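Structure, as structure tokens:
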Amino acid sequence: MPHSLAGRIVAVTGGSRGIGFAISRAFRECGAHVAIGALDEAQLRSAADDLNLTCYSSLDVSDPGSFRTFLDKVTAALGPIDVLVNNAGIMPVGPLLAEDDELTRRTLDTDVLGMIVGTKRALELMIPRGRGHVVNICSVMGQTALPGMATYNACKAAAITFTDAARLEYRHTGVRISTILPGGVGTELIAGLDATVALPIPGTSRRIPLIRTVEPADVAHAVIRTVAADASRPRVYVPRIAGAFLGAQRLLPRAIGESLNLRLGGENARHADTDARRNYQNRISTTTSDG
Ligand code: NDP
């Protein structure tokens with residue numbers, strides 16, 4: 001764990017579980033002062049206890065006022081923010097026409113608006129100091145298109161392009177802006193989904209795994225390495241092979257790339273186990289910052 005991060009002030013959205021929790025823990029292990037924000041207050045308190053954090057606050061990233069209040073509270077409690085990790089996100093899967101319009105809006109507001117607003121507020125705070133790092137947790141799903149994931153694919157594509165444009169616009173300010181692109185990560189977000197990229201063996205039901213899901217700690221270590229490098233990183237894939245896979249696919253004619261994708265597991269979201277996803281689906285449809 002890099003010692004250079006000791007004493008840094010780090011705010012993590014969605015730090016109460018999954019990848020955000022692992023990122024928060026990794027920064028703590030580096031000696032950073034960490035603050036987390038999320039919707040579900042009970043989960044937030046329990047995560048803050050586990051991580052021994054003094055600073056945590058209810059946050060709805062889809063509400064610009066809530067985001068500003070969160071960052072103000074963190075600054076008042078810990079000092080000027082050195083790192084903002086825009087991690088909060090939700091992922092509905094299943095047939096597009098069965099997706100409730102409210103959930104579609106909520107996904108856009110959380111995954112896109114939340115990231116844009118968070119990046120803007122962080123830049124306002126960091127540019128006058130001439131330093132800081134905004135880390136945006138995007139997804140390889142923003143560089144591909146799969147049945148059953150249209151809204152999420154669109155949101156993560158927007159998040160990637162937004163982060164690229166913001167990085168270029170503010171490249172001379174001393175503030176770093178980085179894009180992290182995980183593949184499948186073992187959290188509740190992929191409950192009931194087979195997120196492994198795998199080659200089917202003809203005539204059998206067996207598949208040879210090509211890209212396995214990774215653990216939240218793997219993403220956290222990539223974030224730590226990125227911030228410790230003290231430079232903007234436009235593409236950090238976790239695992240790295242996912243980036244190579246997407247790069248190779250872009251060299252293929254579109255029809256071949258798409259059909260390969262579907263054969264390697266790209267249809268899985270359409271056939272997600274709805275029972276196994278019920279808790280998650282319920283959480284992302286109903287949780288609000290006031291309980
Ligand atoms: P989890 O569902 O485990 O955690 C999501 C976190 O985001 C929770 O803390 C949740 O808080 C918080 N959150 C959701 N909506 C809001 C909101 N409106 N305001 C504030 N906090 C919110 O998901 P993951 O850890 O898997 O995902 C984290 C990020 O990583 C997401 O952006 C996701 O798209 C991305 N990602 C995930 C991958 C995966 O396979 N798991 C792969 C690639 C990217 P609460 O519990 O209070 O709702």
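Computed from a prediction, not measured in an experiment: that's the story for all the values here. In what follows, every heavy atom counts, from backbone to side chain, and hydrogens, waters and symmetry copies are set aside. Atoms within a ligand are numbered from 1 in the order they appear, just like the ligands themselves.
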Looking at [X], I'd like to know if its [atom1] atom is crowded, meaning that more than 12 non-hydrogen atoms belonging to other residues, nucleotides or ligands lie closer than 6.0 Å.
X	atom1	answer
Arg212	CZ	no
Tyr170	OH	no
Arg206	CZ	no

Protein contact to [atom] [nearest heavy atom, distance to 0.1 Å]:
atom	value
atom 47 (O) of ligand 1	Asp40 N, 2.6 Å
atom 14 (C) of ligand 1	Ile90 CG2, 3.9 Å
atom 28 (C) of ligand 1	Asn87 OD1, 3.2 Å
atom 11 (O) of ligand 1	Ala38 CB, 3.5 Å
atom 21 (N) of ligand 1	Ala88 CB, 3.5 Å
atom 25 (O) of ligand 1	Ile19 N, 2.8 Å
atom 40 (O) of ligand 1	Val185 N, 2.7 Å
atom 33 (C) of ligand 1	Tyr152 OH, 3.5 Å

Less than 4.0 Å is my threshold; does some heavy atom of [X] fall inside it relative to ligand 1?
X	answer
Thr13	no
Phe21	no
Gly184	yes
Arg17	yes

- Message: Hydrophobic clusters here meaning ILVMFWY residues chained together by side-chain heavy-atom distances under 4.5 Å, can you tell me if Ile137 and Met91 are in one?
- Response: no

As a check for students: among [options], identify the option with a heavy atom nearest to [atom].
atom	options	value
atom 5 (C) of ligand 1	Gly183, Gly89, Ala159, Cys138	Gly89
atom 39 (C) of ligand 1	Val61, Leu189, Thr107	Leu189
atom 3 (O) of ligand 1	Gly18, Ser24, Gly14, Ala191	Gly18

[X] side chain to [Y] side chain, donor-acceptor N/O pair below 3.5 angstrom:
X	Y	answer
Glu99	Thr104	yes
Glu188	Asn279	no
Glu41	Tyr56	no
Asn136	Ser178	no

Looking at [X] and [Y], does any basic side-chain N land under 4.0 Å from a carboxylate oxygen?
X	Y	result
Glu102	Arg106	no
Arg235	Asp164	yes
Arg131	Asp230	no
Asp194	Arg207	yes

Any idea which part of [X] is under 4.0 Å from ligand 1, heavy-atom wise: side chain, backbone, both or neither?
X	answer
Leu39	both
Lys156	side chain
Arg283	side chain
Ile190	side chain

- Query: By number and element, which atoms of ligand 1 are closer than 4.0 Å to a non-hydrogen atom of Tyr280?
  - Reply: 2 (O)

Checking the N or O distance criterion of under 3.5 Å, is ligand 1 in contact with [X]?
X	result
Ser139	no
Ser16	yes
Glu188	no
Leu59	yes

- Starting at CZ of Arg277, measure out to CG of Asn282 and round the result to the nearest 0.5 Å. 12.5 Å

- Message: Quick one: does any side-chain atom of Thr161 pair with a main-chain N or O of Ala158 as donor and acceptor, under 3.5 Å?
- Response: no

